[in-house]
S.K.: 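Got a structure for you, questions after.
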Amino acid sequence: MTIVGLTGGIGSGKTTVAKLFESLGIPIYIADIEAKLLMNSSSEIKRDLIELFGEEAYLNNELNKPFIADKIFNNKTYLNKMNAIVHPKVGDHFSSWLKVQRSPYVIKEVAIIFEQQLQSQYDLIISVIANKDKRLQRVISRDQSTPDKVLAIMKNQMSDIDKAKLSDFVIVNNDKSTLINQVQKIHQSILKHIDNSTI
Ligand code: ATP
């Protein structure tokens, strides 16, 4: 099974693009969403996060998102420790999910592929890029976030130019109306790539 990584900076439109691939019949796995679900359902993750952050990490058995966000904001040690707890479990979950997919390829959306040097886990990588101002505006209105918070996250992510250089495909998402054409073209190229590599 060919695994296509879909990445891009905060607010670039990864999930929007992933949904378009899904509309073409391609199974999509959104790592962030699955991670959040696992943080509530896995007793091992829960135990380890409570050990890391204290009892306040969960409220009424649900992940205390504002508390955790506050802890990891500007604290790389906490962020890395949390990732070390959650990422391997998401990896296992993805492997089980992958086994039951029946499709020429799947899309796995992950915000940080290059930053964590995870390129080797993917057969092909698509980066979604967009103007910084547009990304900022989109995230602020989607999450009721502040410019400072979004800019701080952007600062920790690789630039669009560097990401584009390392990717097999690049989708420019400044304007929604151009997306489906770009997605359809890439879909065809991926199918061709799979055909060529199986001959
Ligand atoms: P994150 O990194 O925060 O998970 P993302 O890269 O997955 O974000 P999306 O959630 O797809 O990005 O998009 C961010 C917000 O911007 C969403 O509310 C989405 O509806 C909106 N959006 C995405 N693309 C466009 C566009 N071309 N024009 C206007 N709004 C858009």
Side-chain angles (χ1 to χ4, degrees), residues 1 3-19 21-22 27-101 106-122 125 127-128 135-136 138-159 163:
M1 173 77 79
I3 303 172
V4 179
L6 177 66
T7 195
I10 182 167
S12 55
K14 295 178 290 296
T15 303
T16 306
V17 167
K19 293 273 156 67
F21 278 98
E22 192 174 40
I28 61 167
Y29 186 94
I30 301 185
D32 250 16
I33 293 178
E34 300 300 342
K36 284 187 184 119
L37 290 173
L38 285 170
M39 283 161 127
N40 280 321
S41 64
S42 157
S43 51
E44 287 164 12
I45 293 183
K46 207 168 150 185
R47 179 200 61 206
D48 292 350
L49 289 181
I50 288 175
E51 197 178 297
L52 178 64
F53 294 118
E55 291 290 337
E56 258 189 283
Y58 287 82
L59 267 184
N60 303 322
N61 241 357
E62 287 276 308
L63 187 73
N64 186 350
K65 282 189 207 159
F67 173 80
I68 304 267
D70 198 47
K71 285 272 181 193
I72 60 175
F73 185 65
N74 276 336
N75 187 328
K76 271 213 166 149
T77 310
Y78 265 144
L79 178 65
N80 290 339
K81 283 186 177 171
M82 186 176 92
N83 285 343
I85 292 167
V86 179
H87 284 177
K89 291 280 189 292
V90 177
D92 292 346
H93 183 261
F94 174 71
S95 300
S96 310
W97 176 87
L98 191 61
K99 279 188 195 136
V100 297
Q101 302 310 315
V106 300
I107 294 266
K108 184 178 181 190
E109 179 199 317
V110 181
I112 40 176
I113 291 180
F114 299 119
E115 287 85 346
Q116 304 241 329
Q117 270 125 43
L118 299 175
Q119 296 94 306
S120 62
Q121 296 183 2
Y122 303 92
I125 296 181
S127 277
V128 184
R135 289 166 55 200
L136 196 60
R138 286 172 195 166
V139 179
I140 290 169
S141 55
R142 185 193 58 188
D143 302 342
Q144 282 83 52
S145 191
T146 63
D148 280 357
K149 281 196 176 163
V150 184
L151 286 168
I153 294 170
M154 282 181 174
K155 234 172 82 183
N156 280 329
Q157 297 181 333
M158 191 184 274
S159 74
K163 260 184 213 139

S.K.: Nearest 0.5 Å please: distance from the CG atom of D48 over to the OG atom of S43.
M.R.: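 Atom-to-atom, D48:CG and S43:OG are 9.5 Å apart.
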S.K.: Go through Y29 and V90 one step at a time and tell me if the side chain to side chain contact (heavy atoms under 4.5 Å, CB included) criterion holds.
M.R.: CA-CA 10 Å; Y29 186 94; V90 177; 3.7 Å; yes
S.K.: Any heavy-atom pair between the side chains of E34 and F94 that's under 4.5 Å?
M.R.: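 Heavy-atom side-chain distance check fails, nothing below 4.5 Å.
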S.K.: A quick test of your reading: do over 12 heavy atoms of other residues, nucleotides or ligands sit less than 6.0 Å from CD of E51?
M.R.: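 No, not enclosed.
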S.K.: Return the CD1 to CZ distance between I153 and F73, rounded to the nearest 0.5 Å.
M.R.: 7.0 Å
S.K.: Report yes or no: does S145 contribute a side-chain atom to a donor-acceptor pair with the main-chain N or O of I140 at less than 3.5 Å?
M.R.: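 Checked: no pair found.
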S.K.: On a heavy-atom basis, which atom in A31 and which in V110 lie closest, and how many Å separate them?
M.R.: CB-CG2, 3.9 Å
S.K.: First locate atom CD of E56, then atom CD1 of I68, and finally report the distance between them rounded to the nearest 0.5 Å.
M.R.: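 The CD atom of E56 sits 9.5 Å away from the CD1 atom of I68.
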S.K.: Please state whether the rings of F53 and Y78 are parallel, tilted or perpendicular, taking 30° and 60° as the class boundaries.
M.R.: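 F53 vs Y78 ring planes: tilted.
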S.K.: Report yes if the side chains of Y58 and L49 come closer than 4.5 Å at any heavy-atom pair, otherwise no.
M.R.: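 Answer yes - side chains close enough.
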S.K.: To the nearest 0.5 Å, what is the distance between CE on M82 and CE on M39?
M.R.: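 Output value for this atom pair is 4.0 Å.
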S.K.: Does the distance from a Lys or Arg side-chain N to an Asp or Glu carboxylate O, for K19 and E109, drop under 4.0 Å?
M.R.: no
S.K.: Show the nearest heavy-atom pair for residues S12 and G9, with the distance to one decimal.
M.R.: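 Reported closest heavy-atom pair: OG-O, 2.7 Å.
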S.K.: Could you pull out the closest heavy-atom pair between I112 and L118, with the gap in Å?
M.R.: O-CD1, 3.9 Å
S.K.: Taking the side chain as C-beta and beyond, is there a heavy-atom pair between V86 and L38 under 4.5 Å?
M.R.: no
S.K.: Roughly how far, to the nearest 0.5 Å, is the NZ atom of K14 from the CD1 atom of I28?
M.R.: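 The CD1 atom of I28 sits 13.0 Å away from the NZ atom of K14.
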S.K.: Can you establish whether the number of heavy atoms outside K149 located under 6.0 Å from its atom NZ is more than 12?
M.R.: no
S.K.: Restricting to non-hydrogen atoms, name the atom on E115 and the atom on N156 that form the minimum distance, rounded to 0.1 Å.
M.R.: CG-O, 4.0 Å
S.K.: Taking the side chain as everything from C-beta on, heavy atoms only, tell me whether H87 gets closer than 4.5 Å to Q116.
M.R.: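 Side chain of H87 against side chain of Q116, heavy atoms only: contact under 4.5 Å found.
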S.K.: Could you report the tightest heavy-atom contact between L98 and I3, atom names first, then the distance?
M.R.: CD2-CD1, 3.6 Å
S.K.: For the residue pair F114 and I125, establish whether any side-chain heavy-atom pair is separated by less than 4.5 Å.
M.R.: yes
S.K.: Any non-hydrogen side-chain atom of M1 less than 4.5 Å from a side-chain atom of V106?
M.R.: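 A side-chain contact exists here, since the closest heavy-atom pair is under 4.5 Å.
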S.K.: Of all heavy-atom pairs between A18 and I30, which one has the smallest distance, and what is that distance?
M.R.: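 Closest heavy-atom pair between A18 and I30: CB-CD1, 4.5 Å.
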S.K.: Give a yes or no on whether the backbone of L59 and the side-chain of N64 come within a donor-acceptor separation of less than 3.5 Å.
M.R.: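 Answer holds: no.
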S.K.: Which distance, rounded to the nearest 0.5 Å, do you find between the OG of S42 and the CZ of R47?
M.R.: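 One finds 8.0 Å between OG of S42 and CZ of R47.
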